[in-house]
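Just so it is clear, the model here is predicted, and its values are computed rather than measured.
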Amino acid sequence: SPARVVMSSLVFASSRWTVRPPRGASTCDAHASRAKRPAEGVRDTFGVRLISGDFGTSFGSSRVRRSRSGDTVCVAYRPDTLQQRTTRRDIPTSSPHRGGSCVVHVQPNGDGNADANAVKTSSIQSAITFAQANYFLLGMCLMVFTAYLNPGFGANGGPLKPEVTISKLAVRVMFLISGLSLPINELKAAVTNVKANLLIQFFIFVFLGLVVTYVLAPILLSLGVLSPELIKGLIILSCLPTTIGTGVALTNASNGNVAVAIFHAVFSNIVGIVLAPVLIFWHIGKFTGINMFGTTSGAGAADFSSSLGKLASTVLQPVLIGMAIRSSPQFNSLLSSKPVKQKLKLTSDLIILSIVYNTFCNTFLSGFGVSGGKVTGLFVVLTVLLIGYKACVFFSANLVGLERKDTIAATFMGSQKTLAFGLPLIKALFGQSPDLVWYCLPILVYHPLQTFLGSALVPKLREWGEGDREGSTSSVNA
């Protein structure tokens, strides 16, 4: 294979030729006093080999030769040489430095093993980095696969006792963490931005619920694209609050109004404790034609009045306790620190994964019931719905004349749906329903989709936000 050459340790020096001595000689020369790193250090940094050979360009020539010891090389080059050529390929030198030395470590009788090892190490590191960045998505896939292999182990009544450890304990801890994670003190920064606040809250709690219940659900049901259970899951998704962390992070990355994003992350999750269940039962009642308030209905439907007590003890009480702890001066700075926030997020993600595992264990134990075509149809529907949802928020924000930074915040916060709050809420409201997995699937699919699409929009929205406003309406080139 072609030899790889890496020019390293380029330093400012004179315009004369500079030769780096082999190992055993002095580690620096008079014309490269700043290049004091020995050959071993260069190899440790770059992990590559350099085969001896001649180099030449129209600007001058250089020579690389192996020392007698066979494990180091000396590189001599003209200061004005900006590109070096081997007989096999061009190797661009991006550094603008003039003069200096370059030392690259080689192995005796190089046979390509070092290159192969370097590639193998790089592949392993890349895999580890990918796993760390996508551990939650990989964890969801692992939980579903594990549940499929042995559903009885994690199902209700199994040895893990998830009806207690997850439904009663873990879900409460999840909402306690939600309360601890809400930065209450930062609400004041954006509370006076009335126009942006009304628009974003409208899109979080009102717009999507109306579209899904009265427009999308009848169409999907008549076409047979989704089952009634998955459509109910769509309705539940449409009523959930926005995300706490992801939307704020995307807004910040796009140079949007972070204060507005934080305000709606906090406000919608506080209001959503009561408003989201009310909207869920209202829209499901309209879809099914059953009064969900105060009457018991069959086929897995939940009774709103009987859920109020469970909602208060499972959701409201832990969130309020967490908010009270967060507001105390003794704990506020600690909970705002990055290490603690990372640990809380990791704990939250693990609880969500345990809920996913228990939900699919119960589903596989009783029979999946819905074909893969329905799940594929859900993915397509959610993809189109998310793109249209974000587009509606973006153009509406422009239409009412919001500042560009506010529009960016609205685009993310108005179209995000929280998995951390939503999944435990669904578990608390419909934990005994045989259709629980179908109520959970839409948010489980929507969550990675919104993260992927949001990340793809960041550079476009950042560029758009930094430009001058040319009109009351603008568009982002996808």
Taking side chain as C-beta onward, heavy atoms only, is [X] less than 4.5 Å from [Y]?
X: Val144; Y: Phe364; answer: yes
X: Thr347; Y: Met174; answer: no
X: Val211; Y: Ser238; answer: no
X: Phe421; Y: Ile273; answer: yes

Under a plain distance cut-off of 3.5 Å, with no hydrogens placed, do [Y] and [X] share a side-chain donor-acceptor pair?
X: Asn156; Y: Lys161; result: no
X: Arg326; Y: Ser336; result: yes
X: Lys390; Y: Thr411; result: no
X: Asn255; Y: Glu466; result: yes

Quick one: does any side-chain atom of [X] pair with a main-chain N or O of [Y] as donor and acceptor, under 3.5 Å?
X: Asn362; Y: Asn358; value: yes
X: Lys374; Y: Gly224; value: yes
X: Asn332; Y: Ser328; value: no
X: Lys195; Y: Leu402; value: no
X: Ser268; Y: Pro241; value: no
X: Thr383; Y: Phe379; value: yes
X: Ser433; Y: Asp435; value: yes
X: Arg462; Y: Val458; value: no

Out of curiosity, Lys232 NZ to Ile426 CD1, how far, rounded to the nearest 0.5 Å?
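Lys232 atom NZ to Ile426 atom CD1 measures 13.5 Å (nearest 0.5 Å).
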Please confirm whether Phe430 and Trp438 have ring centers closer than 6.0 angstrom.
no
What residue among Leu237, Leu386, Thr243 forms side chain to side chain contact (heavy atoms under 4.5 Å, CB included) with Lys417?
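Passing option: Leu237.
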Among Thr314, Ile177, Ile321, Ile351, which residue satisfies the side chain to side chain contact (heavy atoms under 4.5 Å, CB included) criterion with Arg172?
Thr314
Does the plane of the ring in [X] sit parallel, tilted or perpendicular to the ring in [Y]? Use 30° and 60° as the thresholds.
X: His447; Y: Phe136; value: perpendicular
X: Phe203; Y: Tyr389; value: tilted
X: Phe267; Y: Phe263; value: parallel

Applying side chain to side chain donor-acceptor pair (under 3.5 Å) to Asp349 and not counting sequence neighbours gives Tyr135, Lys345
With sequence neighbours left out, what residues match Lys405 under side chain to side chain donor-acceptor pair (under 3.5 Å)?
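Checked Lys405 against side chain to side chain donor-acceptor pair (under 3.5 Å); zero matches.
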Have a look at Asn257 and tell me which of Asp406, Asn252, Thr251 forms a side chain to side chain donor-acceptor pair (under 3.5 Å) with it.
Asp406
